[in-house]
There are 2 protein chains.
Amino acid sequence: MTAHTPGPWSDPVTGVCPVAETLRLLGGKHGPTLLHCLTGGEMHFLELSRALGGISRKVLTEQLRVFEAEGLISRTPKQDARRRVAYALTPRGQALGAIIVQLYDWSTARV
Amino acid sequence: MTAHTPGPWSDPVTGVCPVAETLRLLGGKHGPTLLHCLTGGEMHFLELSRALGGISRKVLTEQLRVFEAEGLISRTPKQDARRRVAYALTPRGQALGAIIVQLYDWSTARV
DNA sequence: CTGTATCCAGACGGATACTG
DNA sequence: CAGTATCCGTCTGGATACAG
């Protein structure tokens, strides 16, 4: 038996598991990478597009909208000539990002 | 800028992001919940089936096979009359489970 | 009890073209 | 530069029935 209390993993009423919901909130194929990217500081749309490799602009936009709605990232249009838009992690997003980094370490360490 | 070094998030050659791979390794809809369940100790197939709610036996089996192949869980058939099979986390799986718990806390805390 | 075998509907994501 | 709009193939997971 482990130290923490193994409570109900899914809500008896809604049948929803908070952890599964959180992981789903992290997004699909590119969500985690996107979040991990932003742990390095704010980035523009095209920068993200290039950093994430083969992601389509459609999917990237959708993912950004979801994260924004969840309060994980902030969207701030710059008023320069190129009309770029900067995306950055909110405090809440950074907290999640910190856990993501542990996932990164775990995948490297091969415990 | 944050404290940790923001290296390449996806491999320049393979285009693979370790974090995204890890999250994908965590499985689909029920993977995280399954892993979280097992942090409380070993469970039998049917116990897991009931704990996870509406998961089909097909999907549960597939997920268990994946986790087993990844070295996250162990499968040990009991020799009792009911021919039950116990599943439990390996050390590696427990290490990942510890991070999952943080995800649980994060989703609750609403930073 | 612990699976395996089909079948299938819906979600997900990629390609492409177009707009402000 | 930063999206939006369609179209469409693929992958996932649920239902169901059957088997060791």
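Residue numbering restarts at 1 for every chain, and letters A, B, ... go by the order of the sequence lines.
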Q) Any side-chain heavy atom of L96(B) sitting closer than 4.5 Å to one from L103(A)? A) yes
Q. Taking only side-chain nitrogens and oxygens of H30(A), does any of them come within less than 4.0 Å of OP1 or OP2 of dG14(C)?
A. yes
Q) Under 6.0 Å between ring centres, would you say that holds for H36(B) and Y104(B)? A) yes
Q) When you check the phosphate oxygens OP1 and OP2 of dG3(D), does a side-chain N or O of R65(A) lie under 4.0 Å from one of them? A) yes
Q: For R84(A) and dG3(D), give me the distance from atom CZ to atom P, rounded to whole Å.
A: 13 Å
Q: Please check the phosphate of dG3(C) (OP1 and OP2 only) for any side-chain N or O of Y87(B) closer than 4.0 Å.
A: yes
Q) Can you tell me how far C1' of dC1(C) sits from CE of M43(B), to the nearest Å? A) 15 Å
Q.
Measuring from the side chain of H44(B) (C-beta onward, heavy atoms only), which nucleotide among dG14(D), dC1(D), dT2(C) has the closest atom?
A. dT2(C)
(Q) Would you say CZ of R50(A) has more than 12 non-hydrogen atoms from neighbouring residues, nucleotides or ligands within 6.0 angstrom? (A) no
Q) Atom CZ of F45(B) and atom P of dC1(C): how far apart are they, to the nearest Å? A) 11 Å
(Q) Nearest whole Å is fine: how far is dG13(C) C1' from L64(A) CG? (A) 15 Å
Q | Integer-rounded Å distance: dG3(C) P and Q63(B) CD | A | 14 Å
Q: May I have the distance from L34(A) (atom CG) to dC12(C) (atom P), rounded to whole angstrom?
A: 16 Å
Q. Roughly how many Å is it from CZ in R83(B) to P in dC1(C), rounded to a whole number?
A. 12 Å
Q) Considering only heavy atoms and no angle criterion, is a donor-acceptor pair shorter than 3.5 Å present between the side chain of K58(A) and the base of dG14(C)? A) yes
Q | Candidate nucleotides dC1(D), dG3(D), dT2(C), ranked by approach to the side chain of T61(A) - the nearest | A | dG3(D)
Q: Indicate whether OP1 or OP2 belonging to dG14(C) is found under 4.0 Å from a side-chain N or O atom of K29(A).
A: yes
Q: Take the protein atom CD1 of I55(B) and the nucleotide atom C1' of dA15(D), then report the distance between them rounded to whole Å.
A: 14 Å
Q | E62(A) vs R57(A), salt bridge (Lys or Arg N to Asp or Glu O under 4.0 Å): CA-CA, chis, key distance, verdict | A | CA-CA 8 Å; E62(A) 289 171 350; R57(A) 288 189 291 272; over 6 Å; no
Q.
If the cut-off is 4.0 Å, is R75(B) near the phosphate of dG3(C), judged by side-chain N/O to OP1 or OP2?
A. yes
Q: In sequence, state the C-alpha distance, the side-chain angles, and the governing distance for E42(B) and R75(B), and then conclude on salt bridge (Lys or Arg N to Asp or Glu O under 4.0 Å).
A: CA-CA 10 Å; E42(B) 74 170 30; R75(B) 197 191 95 110; over 6 Å; no
Q. Relative to the 5' end of DNA chain D, which residue comes earlier, E62(B) or R57(B), by the nucleotide with the nearest heavy atom?
A. E62(B)
